[in-house]
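Worth knowing before you read on, the calculation uses all heavy atoms, side chains too, and leaves out hydrogens, waters and symmetry mates.
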2 protein chains.
Amino acid sequence: MSEATPGRARSGAPTLQDVAREAGVSLATASRVLNGTARRVAPAFREKVEAAAEQLGYTANLSAQATARGSSAIVALLVADIADPYFGRIAAGVARGADEAGLMLTIAITERDPQREAKLVRALRGQRPRSVILAASRTTGRANEELVTELGAYTSAGGSVVTIGPGGGTRSVGVDNVGGGRALGAALAELGYRRAIVVAAAEGVRTSDDRIAGFSEGFGSGGGTIDEVLRAGFSRDAGHDAVAAVAERIEAGTVVVGISDVVAMGVMAALRERGRTPGDDVAVAGFDDIPTSHDTVPGLTTVHVPLEELGYRALRSSLVVDAVADAPLTVEVVLRGSTPRLG
Amino acid sequence: MSEATPGRARSGAPTLQDVAREAGVSLATASRVLNGTARRVAPAFREKVEAAAEQLGYTANLSAQATARGSSAIVALLVADIADPYFGRIAAGVARGADEAGLMLTIAITERDPQREAKLVRALRGQRPRSVILAASRTTGRANEELVTELGAYTSAGGSVVTIGPGGGTRSVGVDNVGGGRALGAALAELGYRRAIVVAAAEGVRTSDDRIAGFSEGFGSGGGTIDEVLRAGFSRDAGHDAVAAVAERIEAGTVVVGISDVVAMGVMAALRERGRTPGDDVAVAGFDDIPTSHDTVPGLTTVHVPLEELGYRALRSSLVVDAVADAPLTVEVVLRGSTPRLG
DNA sequence: TTGTAGGCGTTATCAA
DNA sequence: TTGATAACGCCTACAA
């Protein structure tokens with residue numbers, strides 16, 4: 001009556017012990033055939049162990065494995081908003097890379113809150129992930145010292161950090177935002193545009209700043225000038241609200257440039273609500289080339305950014321020891337109906 | 001010379017031992033103040049421990065914690081494609097719920113491959129997550145027995161599974177696809193439409209089947225008939241390609257219903273390429289109400305599905321023991337420009 | 001080739 | 001209230 005429960009009514013998943021017992025071998029042998037690197041197990045034993053594992057539905061306890069090995073098979077990804085197609089596609093690339101490398105992916109959402117960002121990195125650290133990938137747009141300046149501290153603690157404990165976009169101090173993979181902005185500016189100037197309104201994120205957000213800087217340069221040397229830089233954010237609603245206020249006084253022949261396609265979508269919606277017709281009496285351009293930009297009517301002129309590839313590269317880069325600084329991914333302008341040739 | 005390395009040049013993150021030593025207390029005490037539930041530690045000791053932890057940048061090793069406690073603070077999410085806004089929004093809801101509950105979220109991508117699905121559940125099991133949430137559209141029938149086996153092994157080991165959508169055997173949260181389809185059908189019939197072409201997924205995919213069944217019922221009792229059901233899939237390209245082949249012979253006054261908004265976007269693109277104008281000489285409707293449907297021109301008539309809420313509820317439901325079967329979330333028809341009143 | 005045993009970082013039981 | 005100490009599930013010298 002006081003015997004241990006036989007079989008595995010014991011609750012919880014079967015352990016390596018269970019498998020070993022079932023197969024009639026030692027723990028070590030079972031470990032070797034199931035999870036070990038050593039090939040040195042007699043076929044007969046090997047088979048018995050495999051059969052037992054199969055029959056019990058055994059799966060190695062990764063937590064136990066991690067504590068024993070001293071390293072986990074996890075990578076962590078931090079994104080601002082997983083519902084945003086921008087981050088969704090990056091995440092897809094990261095996930096693909098993780099899968100290829102046989103790693104689990106844990107994900108955390110910052111909701112664009114720098115406070116949360118630091119907190120989440122700390123929480124993530126608890127998993128002792130092989131690497132963490134930061135895809136939440138960080139600010140320069142500011143008191144993101146907490147973040148830096150957490151990151152420092154993590155890296156000095158052997159962790160590897162890769163930032164997507166301009167990485168303040170960490171390894172990073174990024175796209176050539178300045179170059180993309182410049183190319184977009186040049187292309188629009190070439191189409192005949194001379195005046196632009198930019199709907200951007202707050203000053204200090206590198207991605208935004210770089211795109212503006214590039215655009216300003218390219219547009220300027222083509223003879224155009226930026227009338228105004230509206231400070232909004234990266235969301236559809238931010239773009240919408242920023243433009244709603246000024247829609248009426250936008251002159252024909254002006255191009256409104258969203259800092260991202262998502263923003264540009266909001267811009268177009270706001271313009272339409274005010275009776276303007278994008279691609280007709282006002283031009284609109286974006287940045288990123290999310291799928292929607294292709295399907296919308298008129299098509300949105302934008303700068304194609306290989307987001308999935310970006311995520312994939314970040315993951316790969318995070319797994320290698322020597323920081324071979326990849327060249328930033330090149331981007332290219334995609335002209336569509338939202339910016340018809342002028343005149 | 002043979003002493004243990006002093007301080008913490010030891011590599012790796014600081015351990016609870018390090019903290020305890022630094023604070024001059026026992027391991028047990030340090031554990032109690034940092035991770036334990038027990039309030040019973042003298043303030044003086046408590047402070048010393050907290051200071052030491054802070055100074056060392058200590059974070060509990062979740063793996064070790066999990067093996068010791070016998071349970072992890074992880075939930076796993078399985079989605080078909082994280083770049084798809086449909087799954088992205090669900091994931092956002094799940095992530096929010098996980099965050100609220102203080103759980104880490106690990107995510108895996110099935111790429112719509114049933115084979116992978118089973119394999120991934122098995123891999124996920126290794127984490128011994130508190131619960132796993134399935135958002136990859138499962139097929140009925142078919143040899144998804146492997147999946148069922150894995151799921152069985154997981155649940156019988158104490159795990160909890162929640163399926164989003166029709167859950168074959170598992171607990172599930174879902175939307176009323178039949179009701180939504182019915183309402184959409186009725187609304188279109190009321191607008192004067194009498195003929196419809198449905199672009200759906202393969203037969204056997206419950207979400208698709210339910211939506212079609214509901215639509216057929218609602219549209220039929222309004223006097224309409226379904227001319228044809230095209231078998232495509234859930235992607236934009238599937239919708240595009242399916243319709244591209246038949247675009248020319250679609251008569252005016254016909255409404256093309258995509259099984260999801262993403263599909264409907266592809267449908268509209270294909271129609272345009274063939275010289276048709278959605279919302280003018282052909283009507284289009286979708287299902288889900290993703291943000292794009294609102295911003296596109298003409299707006300896409302669709303059935304609003306609260307995806308984020310769905311993910312959130314799935315997470316919550318997965319954490320509670322007694323299966324209080326929530327009523328399926330109600331959905332509602334949103335009429336937009338893509339289906340103008342006929343005649 | 002196989003098994004024994006000690007260790008990984010925590011938790012939790014039980015004395016003190 | 002505090003501190004040894006035995007688990008937890010697994011890996012890996014080391015010995016057999």
**OP:** Check whether any side-chain N or O of B/Asn35 sits under 4.0 Å from OP1 or OP2 of C/dT10, and answer yes or no.
**Re:**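 Negative; the distance criterion is not met.
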
Original post:
Would one find a side-chain N or O of A/Asn61 under 4.0 angstrom from OP1 or OP2 of D/dC8?
Top reply: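 For D/dC8, neither OP1 nor OP2 has a side-chain N or O of A/Asn61 closer than 4.0 Å.
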
List the atom pairs, donor and acceptor, that lie under 3.5 Å between side-chain atoms in residues 51-61 of chain B and the rest of the protein, sequence neighbours left out.
residue, atom, partner, partner atom, Å
B/Thr59, OG1, A/Arg125, NH2, 3.2
B/Asn61, OD1, B/Ser63, N, 2.9
B/Asn61, OD1, B/Ala64, N, 3.1

**OP:** Just compare C/dT10, C/dC8, D/dT12 and give me whichever is closest to any side-chain atom of A/Arg69.
**Re:**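 It is D/dT12.
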
Original post:
Hey, is the side chain of B/Thr29 poking within less than 4.0 Å of OP1 or OP2 on D/dG3, counting only N and O atoms?
Top reply: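 So the side chain of B/Thr29 is within the cut-off, an N or O lying under 4.0 Å from OP1 or OP2 of D/dG3.
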
Original post:
Just how far, in rounded Å, is P of C/dT2 from CG of A/Leu27?
Top reply: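 So the two atoms are 15 Å apart, to the nearest Å.
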
Original post:
Heavy atoms under 4.0 Å, any strand shown: does A/Ser31 hit a base, just sugar-phosphate, or nothing?
Top reply: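 Base, at least one base heavy atom under 4.0 Å.
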
**OP:** Could you check which residues of residues 120-128 of chain B get a heavy atom under 4.0 Å from DNA chain C? Sort them by number, please.
**Re:**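 By residue number: none to list.
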
**OP:** Select from B/Ala28 and A/Ala68 the residue whose nearest nucleotide in DNA chain D is closer to the 5' end of that strand.
**Re:**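 Nearer the 5' end of the strand: B/Ala28.
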
**OP:** Indicate, yes or no, whether a donor-acceptor pair under 3.5 Å links the base of D/dG9 to the side chain of A/Ser63.
**Re:**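 Side chain to base: no pair present.
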
Original post:
Going by distance alone, is a donor N or O of one side chain under 3.5 Å from an acceptor N or O of the other, for A/Thr163 and A/Ser172?
Top reply: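 Judged by distance alone, the side chains do not pair up.
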
Original post:
When you check the phosphate oxygens OP1 and OP2 of D/dG9, does a side-chain N or O of A/Tyr58 lie under 4.0 Å from one of them?
Top reply: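 A/Tyr58 to D/dG9 OP1/OP2: no side-chain N or O under 4.0 Å.
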
Subject >> D/dG3 OP1/OP2 closer than 4.0 Å to side-chain N/O of B/Ser26 >> reply: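 Yes, within the criterion.
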
Original post:
Counting only side-chain N and O atoms of B/Gln65, is one of them less than 4.0 Å from OP1 or OP2 of C/dT11?
Top reply: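 Answer is yes, contact under 4.0 Å.
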
**OP:** Could you walk me through whether B/Ser160 and B/Ser131 pass the side chain to side chain donor-acceptor pair (under 3.5 Å) test, one step at a time?
**Re:** CA-CA 5 Å; B/Ser160 134; B/Ser131 62; 4.7 Å; no

